[in-house]
Amino acid sequence: MINNGSRSLAFRLIAGAALWCVSGLAVGGLVLSSLFLEYVERSFDDRLTVLLESLVTGSEIAAEGRVDMTAALSEARFEQPYSGWYWQISQRRTDAGAPEPVLLEPLRSRSLWDWTLPGPDPKAGADLRTANVPGPDGQSLRLVAREIILDGADFPLDFVVAGDRSEMVADIRRFNSTLAWSLGLLGGGLVLAMFFQVRFGLKPLRRIQVALADIRSGRDDQLTGPFPSEIQPLAAEVNALLEHNTAVVERARTHVGNLAHALKTPLSVLLNESAASTEPLADTVSQQTILMQRHVDHYLVRARTAASGESWGSAPRSPRCSKISGARCCAFMRAGTSRSRSSVKTICCFAVNVRTWRR
């Protein structure tokens with residue numbers, strides 16, 4: 001398994017899962033935040049609407065035609081100056097010849113003092129209107145307003161109730177803060193869990209890596225051990241490849257042995273015939289035959305060693321022992337006569353082949 005940077009399989013899995021996790025949590029956080037904002041605003045509007053209905057219920061038209069309050073609202077903050085909670089009742093009259101209705105001096109709550117709240121849009125009629133408007137002392141107000149005609153009146157009245165949005169904004173900020181660190185902890189926990197999950201899931205691949213190293217060093221000849229169902233076909237294919245490689249090496253060794261036996265007899269006959277002959281050409285034939293046999297033995301030993309040492313599941317072997325045996329044979333041949341060299345050479349080559357096949 002590759003473990004360097006972006007080429008790592010574990011890095012790709014963890015990074016991809018983390019990206020999707022962070023994206024999903026971010027989208028989910030935005031959706032939850034917007035839903036909570038809508039819920040808080042709706043709850044705040046419902047509260048203001050209840051106060052507006054109480055304000056309408058407690059209002060009546062006096063004998064002089066002015067608006068009078070028969071019952072005070074239950075909210076005590078309407079009595080505290082600039083408390084953030086206000087109500088207002090304004091009257092619009094249309095004078096003869098006036099192009100637009102004239103707004104008379106409104107009836108206000110004590111908390112509003114001398115500030116005037118904007119009334120509902122005349123085009124809205126009796127529909128409830130909500131809006132965010134600036135208030136006294138730099139406050140941001142949430143306002144609900146409705147145009148209503150009371151019994152005994154021939155003109156509409158604008159009823160307005162407003163509340164400070166700072167409470168609602170504070171609740172939204174606390175919720176968003178809690179939501180942010182909660183989703184952050186959740187995302188961190190999910191990424192950490194995915195890290196351990198990926199490490200655990202890729203553990204069979206590391207076991208295969210160790211098993212292949214054992215096979216290469218000669219400590220084992222196959223991938224052994226239970227593997228997951230997704231990895232088992234790979235292990236089976238690798239074991240089949242190892243068995244095929246072993247069979248190929250065995251066939252190569254058999255062919256090498258057959259080649260050695262096929263060359264030994266003709267070379268031995270040439271050596272014996274040249275040793276028995278007294279002609280001048282016999283020494284040349286004997287020398288060249290010995291040289292040819294030496295080269296054949298040398299390259300056969302190298303082929304056998306390479307076939308047995310470089311195959312999978314076999315430890316490398318050195319041909320040093322064969323070279324030493326060949327050197328000893330050459331020393332014996334240089335010390336003897338031409339006839340004795342033939343016998344010594346034959347014995348040495350036989351010993352080299354025996355040592356090679358024993359290995």
Side-chain angles (χ1 to χ4, degrees), residues 1-53 74-78 80 82-87 111 117-118 120-121 124 127-146 160-206 228 230:
M1 184 182 60
I2 301 174
N3 291 318
N4 51 343
S6 60
R7 298 174 60 190
S8 171
L9 180 60
F11 175 81
R12 292 181 180 179
L13 293 175
I14 295 174
L19 180 61
W20 281 108
C21 179
V22 171
S23 302
L25 290 177
V27 173
L30 292 176
V31 172
L32 289 176
S33 179
S34 62
L35 290 176
F36 183 77
L37 174 62
E38 182 181 355
Y39 166 76
V40 172
E41 288 184 346
R42 185 170 60 250
S43 299
F44 200 76
D45 291 344
D46 292 341
R47 183 180 179 185
L48 293 177
T49 303
V50 171
L51 292 175
L52 179 65
E53 293 174 352
S74 59
E75 181 61 54
R77 284 179 289 184
F78 285 128
Q80 302 173 6
Y82 297 156
S83 63
W85 288 85
Y86 314 104
W87 60 263
S111 59
L117 295 174
D121 187 359
D127 296 335
L128 185 69
R129 184 178 73 91
T130 60
N132 296 325
V133 298
D137 202 17
Q139 297 171 344
S140 178
L141 303 179
R142 182 71 174 175
L143 175 145
V144 294
R146 175 174 288 176
V160 180
V161 175
D164 192 358
R165 294 183 64 252
S166 60
E167 299 179 6
M168 180 178 63
V169 172
D171 291 339
I172 294 174
R173 287 179 178 175
R174 282 194 297 267
F175 176 80
N176 288 337
S177 177
T178 304
L179 180 65
W181 66 258
S182 299
L183 292 180
L185 289 178
L186 178 61
L190 290 176
V191 171
L192 186 62
M194 286 184 291
F195 172 78
F196 287 110
Q197 181 180 359
V198 169
R199 298 291 293 180
F200 178 76
L202 296 180
K203 195 173 182 179
L205 295 180
R206 289 189 289 273
E230 295 81 5

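Keep in mind the model is a prediction, meaning the values are calculated, not measured.
With values rounded to the nearest 0.5 angstrom, C21 atom SG is found 6.5 Å from L186 atom CG. If you take OG1 on T49 and CZ on R146, they are separated by 7.5 Å, rounding to the nearest 0.5 Å. Taking CG from N132 and CE from M168, the interatomic distance works out to 6.0 Å, rounded to the nearest 0.5 Å. To the nearest 0.5 angstrom, W87 atom CH2 is 11.0 Å from L117 atom CG. Atoms CG and CG, on L37 and L32 in that order, are 12.5 Å from each other to the nearest 0.5 Å. Note: L183 CG to N176 CG = 10.5 Å, rounded to the nearest 0.5 Å.
Annotation: side chain of V144 is not in contact with side chain of V160 (no heavy-atom distance under 4.5 Å). When side chains are defined from C-beta on, V161 does not count as touching L143, because their heavy atoms never get closer than 4.5 Å. Residues F196 and L192 meet the side-chain proximity criterion, which asks for heavy atoms closer than 4.5 Å. At least one side-chain heavy atom of L141 sits under 4.5 Å from a side-chain heavy atom of P136.
Side-chain atoms of D137 never come within 3.5 Å of backbone atoms of Q139 as a donor-acceptor pair (strictly under, hydrogens ignored). With hydrogens and angles ignored, the 3.5 Å screen pairs no side-chain donor or acceptor of S33 with any backbone N or O of G29. Here the side chain of Y86 pairs a donor or acceptor atom with the backbone of G84 at under 3.5 angstrom. Between the S177 side chain and the R173 main chain, no donor and acceptor come within less than 3.5 Å of each other. In this structure, S182 contributes its side chain and L179 its backbone to no donor-acceptor pair below 3.5 Å.
If you look at F44 and W85, their ring centroids are closer than 6.0 Å.
D45 and T130 share no side-chain donor-acceptor pair at under 3.5 Å.
When all heavy atoms are compared, the tightest approach of F36 to D171 is CE2-O, 3.7 Å. When all heavy atoms of P118 and V133 are compared, the closest pair comes out as CG-CG1, 4.0 Å.
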Does R199 form a side chain to side chain contact (heavy atoms under 4.5 Å, CB included) with R206? I'd like the steps, not just the answer. CA-CA 10 Å; R199 298 291 293 180; R206 289 189 289 273; 4.0 Å; yes
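Look at E167 and R77 and you find a salt bridge, because one of the NZ, NE, NH1 or NH2 atoms lies within 4.0 Å of a carboxylate O, short of that distance.
Remark: of the listed residues E53, E75, E41, E75 is the sole one forming a salt bridge (charged side-chain N to carboxylate O under 4.0 Å, His left out) with R47.
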